[in-house]
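Contents: one structure, followed by commentary.
What you see below is based on every heavy atom in this structure, not just the backbone, and it leaves out hydrogens, waters and symmetry mates. Each residue takes its place number in the sequence, starting with 1.
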Amino acid sequence: GNDRKSARYKKLARTLGCESRLIFAGVQKETAPFYAMADALIQPTRYDPFPNTILEAMACGLPVLTSDKCGGKEFIDVGLNGYGFDALDWAAFSGAVGQLQNGFDYSAASQTSFSKVINLTASYISDELYSLYHLVIEKKQHGI
């Protein structure tokens, strides 16, 4: 993406000796090809209410590894289509990545991820928000 600190991350990659294994592609308008090249989405965020990347990756059938502080974790069936962990627990993070490398059922993960998000259309989300707001107003009017 467009990150103010991208030069810092590139330098870190050089320092760690993994620069040749990474691609810093910058902002991309067409993300589907990148998801198609991926085995999983790994997003160990310290806090994110609900990143679009979770929905995008799952719509592409990818398993998701993310932190317990990510709103997208609610769409993960642990062990089936991804894993959740504390963003600062590197042992748990490493273990989750290891699970993807050792007999993980990518076919089942793909089906589960896709099925969890396929109906989350803009219309559906709008209707759900409308219903929620209506319920809040109704409860407020009744002093609840």
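- No continuous path of hydrophobic side-chain contacts links Ile54 to Phe34 [ILVMFWY only; heavy atoms under 4.5 Å].
- Pairs engaging residues 91-108 under the salt bridge (charged side-chain N to carboxylate O under 4.0 Å, His left out) rule: none recorded [sequence neighbours left out].
- Here OG1 of Thr66 is found 11.5 Å from CD of Glu74. Values are rounded to the nearest 0.5 Å.
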Contacts under 3.5 angstrom, residues 108-130 side chains, donor-acceptor by atom type, not counting sequence neighbours:
| from | atom 1 | to | atom 2 | distance (Å) |
| --- | --- | --- | --- | --- |
| Ser110 | OG | Gly61 | O | 3.4 |
| Thr112 | OG1 | Ala108 | O | 2.9 |
| Ser113 | OG | Leu62 | O | 2.9 |
| Ser113 | OG | Asn81 | ND2 | 3.2 |
| Ser113 | OG | Ala109 | O | 3.2 |
| Ser115 | OG | Gln111 | O | 3.2 |
| Ser115 | OG | Thr112 | O | 3.0 |
| Lys116 | NZ | Asp77 | OD1 | 3.3 |
| Lys116 | NZ | Asp77 | OD2 | 3.4 |
| Thr121 | OG1 | Tyr124 | N | 3.1 |

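- Connection of Val78 to Val97 is established within a shared hydrophobic cluster, with ILVMFWY side chains joined at heavy-atom distances below 4.5 Å, either directly or through further cluster members.
- Applying the salt bridge (charged side-chain N to carboxylate O under 4.0 Å, His left out) criterion to Glu19, with sequence neighbours excluded, gives Arg14.
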Tell me which donor-acceptor pairs under 3.5 Å the side chains of residues 38-47 have, and how far apart each pair is, sequence neighbours excluded?
| from | atom 1 | to | atom 2 | distance (Å) |
| --- | --- | --- | --- | --- |
| Gln43 | OE1 | Thr53 | OG1 | 2.5 |
| Gln43 | NE2 | Thr53 | OG1 | 3.4 |
| Thr45 | OG1 | Tyr47 | N | 3.2 |
| Thr45 | OG1 | Tyr47 | O | 3.1 |

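- Sorted by first and then second residue, the salt bridge (charged side-chain N to carboxylate O under 4.0 Å, His left out) pairs involving residues 131-143 (not counting sequence neighbours) form an empty list.
- Here salt bridge (charged side-chain N to carboxylate O under 4.0 Å, His left out) pairs that include residues 49-71, with residues two or more places apart or in two chains, are Asp68-Lys73.
- The aromatic ring centres of Phe85 and Tyr83 sit 6.0 Å or more apart.
- Around CD1 of Ile144, the count of heavy atoms belonging to other residues, nucleotides or ligands within 6.0 Å exceeds 12.
- Side-chain contact between Phe50 and Leu55 is present, with at least one heavy-atom pair separated by less than 4.5 Å.
- Scanning all heavy atoms of the two residues, the minimum distance from Gly79 to Phe104 falls at O-CE1, 3.6 Å.
- Looking at every heavy atom in both residues, Phe75 comes nearest to Met58 through O-CE, 3.3 Å.
- Going from atom CZ of Phe93 over to atom CG of Leu88 covers 11.5 Å, rounded to the nearest 0.5 Å.
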